[in-house]
2 protein chains.
Amino acid sequence: MDPQAIEISLDAVIIAVTDGSPRVLTVPGADGLPALPSGLLEPQDRTLDTALRRWVREQAGIEVGYVEQLYTFGDRERATGSGRLLSVAYLALVAEESLSESADWRPLYDFFPWEDHRDGRPALIDDQIVPALAAFSARADDPAAYEERAQIVFGTDDSTFDGVRVLERYELLYESGLLEKSPQATRVSPGERPPSKTMALDHRRIVATAFGRLRGKLTYRPVVFELLPSTFTLLQLQRLVEALAGTPLHKQNFRRLVEAGGLVEGTGEHARTGGRPAELFRFRREVLRERPRPGVGSPWIRP
Amino acid sequence: MDPQAIEISLDAVIIAVTDGSPRVLTVPGADGLPALPSGLLEPQDRTLDTALRRWVREQAGIEVGYVEQLYTFGDRERATGSGRLLSVAYLALVAEESLSESADWRPLYDFFPWEDHRDGRPALIDDQIVPALAAFSARADDPAAYEERAQIVFGTDDSTFDGVRVLERYELLYESGLLEKSPQATRVSPGERPPSKTMALDHRRIVATAFGRLRGKLTYRPVVFELLPSTFTLLQLQRLVEALAGTPLHKQNFRRLVEAGGLVEGTGEHARTGGRPAELFRFRREVLRERPRPGVGSPWIRP
DNA sequence: TCTAATAATACTCAGTCTGAGTATAAGTGC
DNA sequence: GCACTTATACTCAGACTGAGTATTATTAGA
């Protein structure tokens with residue numbers, strides 16, 4: 001066992017939004033728990049990026065478009081038998097229409113139920129999490145600092161809740177041992193797809209990183225459109241943003257911002273929607289030249 | 001030569017602001033060019049973070065406070081004689097007062113002169129860069145896409161120039177071969193500190209990554225205060241933000257935003273400044289609990 | 001001591017943006 | 001034709017922003 005040997009694993013957080021849920025693509029992992037598609041960097045891989053795409057193709061049968069490097073995890077004491085394992089995590093986005101049926105897409109809010117504020121602040125936070133953190137803080141090294149941290153990341157209400165801090169919330173809960181108390185995955189034989197609140201290894205942490213990053217990017221780069229078909233109605237767009245941001249939005253104001261901001265343009269075509277037909281819009285690429293930081297507005301993250 | 005062998009290097013971009021210039025700490029590198037403090041991950045390092053701090057301590061004699069992982073560069077074909085070299089880059093911030101005299105702090109705007117818009121958009125951009133890019137675009141695979149990209153990253157004027165896109169600008173210039181045409185470093189014997197427009201290896205690219213990240217973070221997290229002594233005048237704070245953002249700011253409005261936003265509080269003490277004495281302020285930590293994304297405001301990045 | 005220069009701080013004001021509505025239009029299913 | 005659904009247009013008060021003017025407290029030097 002050579003203590004110097006280092007292996008690099010590439011982990012992909014592939015996100016799509018279907019049926020109003022942001023979802024992450026998983027593959028069967030250890031103990032039947034869902035895992036992220038991942039694989040080792042091999043000598044023939046010219047770049048980390050190409051290696052990642054190769055593994056995603058092999059394991060999930062998907063060609064990803066938008067890809068962004070997230071974070072490198074190196075402090076894991078995970079023994080590989082031959083030394084250290086570093087893991088470089090990537091975020092990838094795929095549009096709704098290109099989902100393959102066979103893939104196992106898990107709703108993000110199954111793993112992070114405290115992140116979904118579309119129907120208001122989840123009762124879970126103030127009923128269970130906040131009291132548990134308060135109880136735990138007594139045992140912490142520095143109770144005051146711990147309580148401050150808890151208040152910063154969970155806020156006191158939705159006006160102080162910062163959607164972007166997904167990772168900080170996850171880590172606080174993890175350190176406090178609260179995640180272990182959550183309903184565990186029921187381990188099942190391969191082939192089944194049980195609902196799971198957890199993931200293999202530290203993959204849930206990686207997903208938290210990805211989710212926070214995506215929420216942040218939403219506000220200043222037009223990444224949402226990577227998750228949509230080429231034409232869409234404004235309500236489709238709104239539901240998508242709501243699903244990712246975890247916040248309800250005011251329909252009329254959303255439309256104003258997105259149209260006045262030059263993010264989209266009408267196609268003249270209309271879609272049947274169950275009510276009055278909605279015009280189909282497309283992403284207006286020129287906005288990239290016109291505005292320095294085009295995205296679906298900051299105000300909603302802090303509502 | 002084992003093709004499987006992988007080494008991990010940790011590279012630190014340590015930033016401070018002195019005399020109105022954001023500066024990066026460098027050490028002597030190959031060919032007498034300035035380089036980032038860096039070193040290899042060793043088996044005894046428990047985390048990437050501790051390894052980084054160790055190297056910074058050894059090479060620069062500095063204990064860094066704020067540290068944030070930036071990016072992992074793996075596509076370098078840089079041969080190490082024994083295989084692949086991955087490099088995990090970190091951003092660290094140190095306050096003005098703790099600078100050690102012996103260290104070699106290089107102004108960031110020496111490496112990226114097109115980034116400093118404090119006296120308006122640099123003539124360099126429209127006189128040299130834009131025409132050169134236009135000329136180059138003819139030879140590009142897809143001229144239209146290339147020109148769009150050039151316009152997006154450099155904008156047409158300062159209302160469309162996005163300060164955060166430091167890396168994108170650097171990469172565009174690099175790919176276009178424009179950086180090689182810039183005045184080269186005059187290589188000198190070790191010991192001297194020549195002004196240099198370039199850095200060893202791909203370190204300039206890493207610094208560009210760090211600079212862009214810092215500019216972004218400025219607007220939604222109170223990172224500026226990591227770069228200041230514990231008390232400071234509002235003009236000091238303003239000059240610091242201007243130096244980093246590369247933009248001039250309206251004094252009265254800056255004061256209003258920073259005070260009304262609850263980011264700082266007066267100490268009652270005053271400092272001699274050459275004019276009317278200025279009150280000394282300190283960072284108001286409570287703002288973290290009160291506001292979800294406290295920072296020195298977004299509007300100035302898009303002025 | 002008086003004056004100019006420097007910097008800090010207070011206040012104003014018009015224009016824009018935001019949040020929260022109301023009102024109306026154009027489809028569907030029955 | 002009616003109830004229902006969804007889309008879209010428009011309004012309005014309040015907050016925030018950009019760009020000033022005005023006043024105050026110092027220091028340097030005539």
Side-chain angles (χ1 to χ4, degrees), chain A residues 20 117 120 157-159 219-220 231-242 245 247-281 290-303, chain B residues 20 117 120 157-159 219-220 231-242 245 247-281 290-303:
Chain A
H117 295 226
D157 56 38
D158 269 10
S159 74
T219 66
Y220 63 93
T231 67
F232 45 84
T233 69
L234 292 184
L235 187 58
Q236 257 183 294
L237 177 60
Q238 180 183 341
R239 292 287 177 244
L240 174 57
V241 174
E242 288 175 331
T247 315
L249 302 176
H250 180 115
K251 188 170 183 173
Q252 297 89 325
N253 292 345
F254 179 82
R255 153 182 290 268
R256 175 175 62 190
L257 191 109
V258 108
E259 271 196 290
L263 273 172
V264 300
E265 62 190 355
T267 61
E269 290 175 89
H270 292 261
R272 269 167 284 99
T273 60
R276 171 175 168 174
E279 184 167 9
L280 286 169
F281 288 78
E290 296 163 0
R291 290 173 44 198
R293 315 185 94 187
V296 283
S298 27
W300 309 327
I301 298 283
R302 28 173 178 166
Chain B
H117 294 227
D157 56 37
D158 269 12
S159 74
T219 66
Y220 63 93
T231 68
F232 46 83
T233 68
L234 292 185
L235 188 58
Q236 258 184 292
L237 177 59
Q238 182 183 339
R239 292 288 177 243
L240 175 56
V241 175
E242 289 175 332
T247 316
L249 302 176
H250 180 114
K251 189 171 184 172
Q252 296 90 325
N253 292 346
F254 179 81
R255 155 182 289 267
R256 176 174 63 190
L257 190 109
V258 109
E259 270 196 289
L263 273 172
V264 299
E265 62 190 352
T267 62
E269 288 177 90
H270 292 261
R272 270 168 284 99
T273 60
R276 170 174 172 175
E279 184 166 10
L280 286 168
F281 289 77
E290 297 163 0
R291 289 172 44 199
R293 316 185 95 189
V296 283
S298 29
W300 308 325
I301 297 282
R302 26 172 180 168

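The structure presented is a predicted model; accordingly, all values stated were derived computationally and were not measured. Chain A is the first sequence line, chain B the second, and so forth, proteins listed ahead of strands; every chain is numbered from 1.
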Item to check | Minimum side-chain heavy-atom gap B/Thr273-B/Leu235 below 4.5 Å | outcome: no
Checklist outcome for this item: In whole angstroms, the gap separating C1' of C/dC17 from CZ of A/Phe254 amounts to 17 Å
Next on the checklist: Considering every strand and a 4.0 Å limit on heavy-atom distances, what is the contact class for A/Gln252: base, sugar-phosphate, or nothing?
Outcome noted: base
Checklist entry - Would you say a side-chain N or O of B/Lys251 is under 4.0 Å from OP1 or OP2 of C/dT9? => result no
Checklist outcome for this item: Ranking C/dA8, D/dC12, D/dA7 by distance to the side chain of A/Ala278, first place goes to D/dA7
Checklist outcome for this item: B/Asn253 has its side chain closest, among D/dA7, D/dG18, D/dC12, to D/dG18
Checklist entry - What's the CG-C1' distance between A/Asp158 and C/dG19, to the nearest Å? => result 16 Å
Item to check | Donor-acceptor pair present, A/Glu259 side chain and D/dT8 base, under 3.5 Å | outcome: no
Checklist entry - Taking side chain as C-beta onward, heavy atoms only, is A/Val241 less than 4.5 Å from A/Phe254? => result yes
Item to check | No-H, no-angle donor-acceptor pair, A/His250 side chain to C/dG21 base, under 3.5 Å | outcome: yes
Item to check | Flag side-chain contact, heavy atom, 4.5 Å: A/Leu263 against A/Phe281 | outcome: no
Checklist entry - In whole Å, what is the span from the CG atom of B/Leu237 to the P atom of C/dA8? => result 12 Å
Checklist entry - In whole angstrom, what separates A/Gln236's CD from D/dT6's P? => result 13 Å
Next on the checklist: Nearest to the A/Leu257 side chain among C/dA7, C/dT18, D/dT17, which nucleotide is it?
Outcome noted: C/dT18
Item to check | Length of the CZ-P vector between A/Arg272 and C/dG27, whole Å | outcome: 12 Å
Checklist entry - Taking NE2 from A/His270 and P from D/dA7, how many angstroms apart are they, rounded to a whole number? => result 12 Å
Next on the checklist: Quick check for you: among D/dT27, C/dT12, D/dA7, whose closest atom lies nearest to any side-chain atom of B/Arg256?
Outcome noted: C/dT12
Next on the checklist: Taking the minimum atom-to-atom distance to the side chain of B/Pro277, which one of D/dT26, C/dA7, C/dA20 wins?
Outcome noted: D/dT26
Checklist entry - How long is the line joining CD of B/Gln238 and C1' of C/dA7, in whole Å? => result 12 Å
Item to check | Nearest-nucleotide pick for A/Arg276, side chain only, options being D/dT6, C/dA20, D/dT24 | outcome: D/dT6
Next on the checklist: When you measure from the side-chain N and O atoms of A/Arg255 to the phosphate of D/dA9, is any distance below 4.0 Å, counting only OP1 and OP2?
Outcome noted: yes
Next on the checklist: Is the shortest side-chain heavy-atom distance between A/Arg255 and A/Gln252 below 4.5 Å?
Outcome noted: no
Checklist entry - What's the CZ-P distance between A/Arg239 and D/dT5, to the nearest Å? => result 14 Å
Next on the checklist: Is it true that, when you exclude B/Glu269 itself, more than 12 heavy atoms of the residues, nucleotides or ligands shown sit nearer than 6.0 Å to its CD?
Outcome noted: no
